[in-house]
Amino acid sequence: VHSGLVPSPDRWALRAWTAPSVRFVRRLQGHSGQPSSVPLGVRCQRGAHTLAGLDDGAEGRRGWSWAFAGVIHDEPPPRRGNRGAGRLSECRGRGRYPRVVPIDAKSGYHSPQILAERLPFDEINFDDPIFRSIEAEYPLHRAWVARASLAASARAAFVVRNRMGAYSGIAVVKFGESASGDVSSTGMKLSTFKVGDDWSARGIGDILLNAVLIEAVENGVEEVFVTVSGSHQDLIRYLELHGFRRSPRLADQDYIYVLNLDDPTSVAGRVNRLAYDVLAGEYLQRAENPAADEAPVHFLASALWKHVRAQTPRVLELGPGPGSAISWFASQGAATVGVEISAEMASICQVRSPGSLIIIGDINDVSFTAETFDAIYMGAFIHLFTPESAKALLVRAQTWLRPGGVIFVNTTVGPNHTVGWERKSDYGTATVRLRTQWQETEFRRTVESSGFEVIDRLQTDEASRGKFWVAFIAQKDSH
């Protein structure tokens, strides 16, 4: 992640150390880097990450005992290359492997805003070059187009165009069909999903899938499915990364992958990850140009900081986004760690807070050893979980704090309590995410019943976006 990450022709080495004077090399999936300034230990659990070894090392409070240089990214195993060694080999056979992602320290991953255009099925240009590879693999594609055109109103398309107006990517959906093959008013088939060969790895797939999910939520769809040939392993890995799961049923020897939107808890992290990947660039712009009535990050962060008693505190931020808060804590002398579900957001965050360790992953799949941190900051984060998941997360966070440790947690509050998918439309690009609308009394009760004592309360009114925020600063209950 740091500027010392430099590629080499064959594989890269990952350096780590157990004490300031001792270091060694681990091999990790063909990437390399220089030692990070914030050590971290990793092992795998349930196919995801459990972070361990955050003790004071063999030489007392001179630093944490493990260091990994880079962003650790939870993704499907690669086709080739070393799958890890040492502790990381515990992941083998569980379907996911950590990856260290090199990031351009100047620009990060984020790219300019790209929008998907919705088209009626009968307005698709099937002579566009993007269809050539589809027709080469599926000679009956033109016949399928002719049949589908007879019921064009049941289909829609989303396209991303290049500067010349040609398609960089396209997704076609069909309403009214379930994965079982039956007619269903709550089912939707993703019948075409294609990114041009010259446009891979540019976020086009995320833009298209985000548009598909918005269409699904706004039409009351509970199940999105797609049939995939087993030869398309890249697409299968992409679908699995975003919450699709293989159905037992086959369709003419092709696999069926299903995303169940009627169970938000099981797929919330995957859908939310997509939303923030898409919005990362806009979040950076807003962080650098906040609204006049938006509470300054240093004001919120300092409300937590004034209750921190450790001389060199360790601060964990969950969902650091573009890095405004975590960089402020680092500027105050804290050793900082962030857990960010979006790789795009994490890249921006690392650039803006180069001294912090940023871990890419769902916090539900990440854990730390007990009593590791002096403070935890959860700004605009807790409402991305169902109430049950939020309570479980707060209970876990309480165990990560040292005695006397403090937590900051805030959310918007209102008169009604709701949980479900929300079309987030206060940015240039609309997205879908899971959102809980809290009532303040219930929000406070959840915090206090998770092993905390509320010691301070803040409120801010962001009238320009119709949001009233309440924050609680709470101390780990010693009883």
Side-chain angles (χ1 to χ4, degrees), residues 1-5 17 20 33-41 51 54 56-57 61-72 100-101 103-108 110 280 283-284 286-288 290 295-361 363 366 368 372-381 397 400-402 405-410 471 473:
V1 176
H2 302 275
S3 57
L5 268 171
W17 65 76
Q34 300 300 318
S36 167
S37 60
V38 183
L40 183 69
L51 307 177
L54 291 177
D56 291 312
R61 298 180 181 274
R62 291 185 57 185
W64 296 345
S65 63
W66 283 76
F68 281 82
V71 170
I72 298 169
V100 175
V101 183
I103 292 174
D104 184 333
K106 295 182 179 179
S107 63
H110 55 285
Y283 262 71
L284 174 61
R286 182 164 290 185
E288 294 177 341
V297 169
H298 67 82
F299 168 76
L300 300 176
S302 62
L304 174 68
W305 186 253
K306 69 181 182 181
H307 294 285
V308 177
R309 298 291 177 256
Q311 289 186 344
T312 307
R314 300 173 178 176
V315 177
L316 169 67
E317 182 174 4
L318 305 185
S324 300
I326 198 170
S327 61
W328 186 88
F329 287 119
S331 72
Q332 303 303 303
T336 48
V337 176
V339 179
E340 173 57 56
I341 198 168
S342 162
E344 295 281 344
M345 285 285 201
S347 71
I348 297 172
C349 181
Q350 188 71 75
V351 170
R352 299 185 78 212
S353 186
S356 301
L357 181 72
I358 306 303
I359 305 154
I360 301 178
I363 190 58
V366 178
F368 299 89
T372 295
F373 298 100
D374 300 288
I376 298 176
Y377 187 84
M378 299 169 60
F381 186 72
W400 302 334
L401 285 172
R402 290 173 167 173
V406 287
I407 190 171
F408 174 102
V409 54
N410 75 335
I473 294 88

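Quantities reported herein were computed from a predicted structural model and do not represent experimental measurements.
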Q: Which value, rounded to the nearest 0.5 Å, describes the distance between I359 atom CD1 and Q350 atom CD?
A: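 Here the interatomic distance stands at 10.5 Å.
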Q: Would you say I341 and I363 make side-chain contact, with heavy atoms under 4.5 Å?
A: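 No, too far: nothing below the 4.5 Å cut-off.
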Q: Measure across V308 and V406 and return the closest heavy-atom pair with its distance rounded to 0.1 Å.
A: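 Taking every non-hydrogen atom into account, CG2-CG2, 4.0 Å.
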Q: Which heavy atom in I360 sits nearest to a heavy atom in S342, and how many Å separate them?
A: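 Minimum heavy-atom separation between I360 and S342: CG2-C, 4.5 Å.
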Q: First locate atom NE2 of H298, then atom OG of S331, and finally report the distance between them rounded to the nearest 0.5 Å.
A: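 Here the rounded value is 11.0 Å.
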Q: Is any side-chain heavy atom of M378 less than 4.5 Å from a side-chain heavy atom of I407?
A: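 Result yes, sub-4.5 Å side-chain heavy-atom pair found.
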Q: Can you find a pair of side-chain heavy atoms, one from V337 and one from F373, that are under 4.5 Å apart?
A: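 Yes, close enough: below the 4.5 Å cut-off.
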Q: Do other residues, nucleotides or ligands put more than 12 heavy atoms under 6.0 Å from E288 CD?
A: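 Buried by this count: over 12 neighbours within 6.0 Å.
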Q: With a 4.5 Å cut-off on side-chain heavy atoms, are I326 and I358 touching?
A: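 Yes; the side chains approach each other to less than 4.5 Å.
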Q: When you measure from the side chain of R352 to the backbone N and O of P322, does any donor-acceptor pair fall under 3.5 Å?
A: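 Judged by distance alone, yes, a pair lies under 3.5 Å.
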Q: Starting at CZ of R402, measure out to OG1 of T372 and round the result to the nearest 0.5 Å.
A: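 Going from the CZ atom of R402 to the OG1 atom of T372 covers 7.5 Å.
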Q: Please report the shortest heavy-atom distance between T336 and F329, naming the atom on each side.
A: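 Closest heavy-atom pair between T336 and F329: CG2-CB, 3.8 Å.
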Q: To the nearest 0.5 Å, tell me how far R286 CZ sits from S324 OG.
A: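 Between atom CZ of R286 and atom OG of S324 there are 12.5 Å.
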Q: I need the minimum non-hydrogen distance between V339 and L316, along with the two atoms involved.
A: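 In this case the closest contact between V339 and L316 is CG2-CD1, 4.1 Å.
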Q: Compare all side-chain heavy atoms of S302 with those of W328 and state whether any distance is below 4.5 angstrom.
A: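 They are in side-chain contact.
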Q: Are the side chains of F368 and I376 in touch, meaning some heavy atoms are under 4.5 Å apart?
A: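 No, every pair of side-chain atoms sits at 4.5 Å or beyond.
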Q: Taking all non-hydrogen atoms of both residues into account, name the closest pair between G379 and F408 and its distance.
A: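 The answer is CA-CE2, 4.2 Å.
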Q: Ignoring hydrogens and angles, tell me if any N or O in the side chain of S353 forms a donor-acceptor pair with the backbone of C349 under 3.5 Å.
A: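 No: the side chain of S353 does not pair with the backbone of C349.
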Q: Give the minimum heavy-atom separation between A280 and I348, together with the two atoms involved.
A: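 For A280 and I348, the tightest heavy-atom pair comes out as O-CD1, 3.5 Å.
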